[in-house]
Amino acid sequence: MSSRVTGISLKKLKKYKMLYLMLIPGVVYLLINNYAPMFGIIIAFKDVNFAKGIMNSDWVGLKNFEYLFKTEDAYIITRNTILYNLVFIALNLVVAVALAVLLYELKNRFLPRLYQSIILLPYLMSSVIIGYLVYSLLSMETGLINNTILPLLGRGGVMWYNDPKYWPYILTLVKIWSTAGYLSIVYFAAVVGIDHEYYEAATLDGASKLQRIFKITIPLITPVIIIMTLLQIGRIFYSDFGLFYQVPLDSGVLMPTTNVIDTYVYRALLKNGDIGMSSAAGVYQSIVGFIIILISNYVVKKINPDNSLF
Amino acid sequence: MLTGNEQVDLIVTGGTDFSRQVAQGQLLPLDDLLQTHGQDITKAFQPEILEATKVEGKIYAIPSIRDFASNTNVLMRKDLLDKYNLDASKVKTLDDLDPILETIHKNEPNITPLGKPGASASIVDRILENSWDILGDYIGVLDSLDDLKVVNLFETPEYEKLIKTARRWYEAGYISKDAATSKESAVDLIKANVGFGVIQKGKPGALAQTEQRVNTKLELINLGKQITSTTNITAIMLGIPSNSKDPERAMMFLNLLNSDRDLINLIDWGIEGKHYVKVGEKSIDFPPGVNATNSGYNMRQGWMFGNQLLSYTWVTDNPDLWEEMDQYNRESKKSAALGFTYNPSPVKTELAAITNVVRQFQSGLENGALDPEVNLPKFNAALHAAGIDKVIAEKQKQLNEWAEKNNKTGS
């Protein structure tokens, strides 16, 4: 990356003027959509009074942040958010890459497209619908598992929605089912882009299928894997609200294992609708996410500078 | 809508939304406007009712005129009561329901004996709001209606007894195992012929209106006398947002909503001859060929707009419904804190944490899914950790200040 341009001279500006011109719409979009709203960060530090307006509302320092750290829930929701996301990132990666490789190995021309559509479908479903699909399996009185499957195995019903201990598994399963398909398509595109000659050469040298996968495919899509993973790590402090709120059907009993930062904030502010406090949660999540992405990018850069994001 | 600072001239508000909007300066004080453009409103109300909506001496919104009191009802299907020769009139307390529920549970395996009064309300929810003055949000309630002492509802012996009853019903199978997560109300269940009864909030006309909805005959039992607290009155109101461009005209319209019979009936029922026809002096019905599904204007939400006493009654209702309603309101047991509206903003940090605790335990306990022996102490410990004592102290302080200013005392 030593040839990177540093500083803009007038000559270069002239030379690349069409390119700069083409840059403008993108930059304007970024400014309006991503930078202008950052002004809203000040809301997190104010006691917003609509009669006075945002600018004239009183400053309250960090008071809006207090509720996030006040009780032992703070520990539970932070732990849940981070651990769930770590598990999701790791499992999604493994499952999605495996799916991508399997799709590529199919010799038939049409089957991969069919399979792609099928595994993508859950990703396009609203979490409310997913919630009720799960409910049709787990409902304690009318669900498929309690009424058909468990009796077949000679076992009694399980109170799924009253027992938090099952939910880390249920949620992980649902999450992988709904997002791995989407990620696998990204990886599939990367695998398809690999030059055939590598494989032909490897086959001539007598490499087995597994060897070809682990020595050619995986190393060559590593940059894509790292970018996708870094992007997800940046959002490790955010959680899939629909998954944690809709899928357990907002069952309070399950909160020890289903409450995450986003659902905590939603529940806390549902009644009082305080925008200062909700902005505080957003600011907190963005700052931690920003720091985490800087750290992980730094680590990647240490290991292999070419694979880092910036 | 107000958070987005949209242009609105009249907005439906009430309950905790109302106190928040007042605290955040989103509603205009209406006292001056009432004098200049709202004389009919002042005439339409009993003075004590409008008085009760005041926050720090000012009126911020006008309640719609409707039931300003509520009591606890039990509604049960008449056909099933008759089939098993059950005498509902003997029911005086919740415990008296047990034999009836047991008979239904034993003989009708496809029927859930007791359903929820609303999609997200618990089985016993309506008993709470009709037995205590909940002072706006349940977090700190009046110990008794005659006394200005704020206590933690979830630590009262009455609450414990209530959730033990719910637990007993749950374990006996009278309540669905899915009650805490299901969004199905008793009305849905009864309509689908898989429900039997419900503990509901009562008001004049409730029986006829529920029968309309479930399409079968019901029997009603009153459990306890109706009460009036500030919450009953401020539950549904119309206010003028502070960003209204023309508050004077908004007030004129509000004035008409409380005095103009034609306007009220237009909003409540639609166009005469097209959406309804008169049958008799006060009653109306669908015109020939029109029914609930093809009417095109069948909101039945008259309780939201202005003076409901001016509207016609539906043919299925008692034609004297509004006289009955008026009497019901007058005869209700008034809370000692009637007129006190609580401002939660000084303790909003604690309330945010408390709301999460309540969401974790309340529905499970009140639908019987959680064992009270273990979980009620846990619930209260978590509430204390989240700062309920501070919230109750703040509420008590505001209540004392209010009482002093208005010369109120608990008797």
Side-chain angles (χ1 to χ4, degrees), chain A residues 47-54 57 60 63-74 76-77 131-132 135 138-143 146 157 159-164 248-256 258-259 263-278 280-281, chain B residues 2-5 15-17 19-28 112 120 122 136-139 173 176-183 241-243 344-345 347-367 369-371 375 379 382-387:
Chain A
D47 180 18
V48 175
N49 184 316
F50 288 88
K52 294 181 190 166
I54 288 173
S57 294
V60 291
K63 200 169 182 317
N64 283 335
F65 291 83
E66 257 174 44
Y67 79 105
L68 289 170
F69 307 101
K70 214 178 145 35
T71 61
E72 58 185 271
D73 282 344
I76 295 175
I77 57 176
Y132 280 94
Y135 182 65
L138 300 184
S139 160
M140 298 179 276
E141 297 223 321
T142 52
N146 274 9
M159 296 287 115
W160 297 103
Y161 288 92
N162 288 346
D163 201 337
L249 299 179
D250 188 21
S251 171
V253 185
L254 303 178
M255 273 164 63
T258 61
N259 211 10
T263 53
Y264 178 83
V265 171
Y266 176 78
R267 290 193 178 104
L269 305 181
L270 188 60
K271 273 193 185 155
N272 75 11
D274 190 296
I275 67 166
M277 287 158 84
S278 45
Chain B
L2 293 182
T3 317
N5 221 14
T16 45
D17 284 342
S19 38
R20 168 174 58 85
Q21 285 164 356
V22 171
Q24 297 185 343
Q26 290 174 313
L27 294 176
L28 277 186
T112 308
S120 44
S122 71
D137 63 359
Y138 293 96
I139 311 303
S176 160
K177 298 278 179 275
D178 290 320
T181 42
S182 159
K183 293 274 177 274
S242 36
N243 63 1
S345 37
V347 285
K348 62 183 182 184
T349 304
E350 286 74 18
L351 281 173
I354 288 171
T355 313
N356 263 289
V357 176
V358 170
R359 298 275 286 215
Q360 180 174 350
F361 289 98
Q362 191 178 25
S363 157
L365 285 170
E366 291 177 13
N367 288 309
L370 288 177
D371 181 6
N375 289 287
F379 182 21
L383 284 172
H384 286 296

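Model, not experiment: these values are computed from the prediction.
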Nearest heavy-atom neighbours spanning [X] and [Y]:
X        : Y        : result
B/Ala352 : A/Tyr67  : CB-CD1, 3.5 Å
A/Glu141 : B/Ser176 : OE1-OG, 3.7 Å
B/Asp178 : A/Ser139 : OD2-OG, 2.7 Å
B/Ser182 : A/Tyr135 : CB-OH, 4.2 Å

**Request:** Test A/Asn64 against B/Lys348 for side chain to side chain contact (heavy atoms under 4.5 Å, CB included), laying out the working first.
**Result:** CA-CA 9 Å; A/Asn64 283 335; B/Lys348 62 183 182 184; 4.2 Å; yes

Kindly indicate whether the side chain of [X], heavy atoms from C-beta on, has any atom under 4.5 Å from the side chain of [Y].
X        : Y        : result
B/Lys177 : A/Asn162 : no
A/Pro256 : B/Gln360 : yes
A/Asp274 : B/Arg20  : no
B/Lys183 : A/Leu249 : no

Which atoms of [X] are under 4.5 Å from chain A, going by heavy atoms: the side chain, the backbone, both sets, or neither?
X        : answer
B/Glu350 : both
B/Ala180 : neither
B/Ala23  : backbone

**Message:** Please report the interatomic distance OG(B/Ser363) to CG(A/Asp250), rounded to the nearest 0.5 Å.
**Reply:**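 Answer rounded to 0.5 Å: 8.0 Å.
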
**Asked** Do you know which of B/Asn356, B/Ile354, B/Thr181, B/Thr355 has the most heavy-atom pairs with chain A at a distance under 4.5 angstrom?
**Response**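 Most heavy-atom pairs under 4.5 Å with chain A: B/Asn356.
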
**Portion of A/Tyr132 that has a non-hydrogen atom of chain B nearer than 4.5 angstrom** =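 The answer is the side chain of A/Tyr132.
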
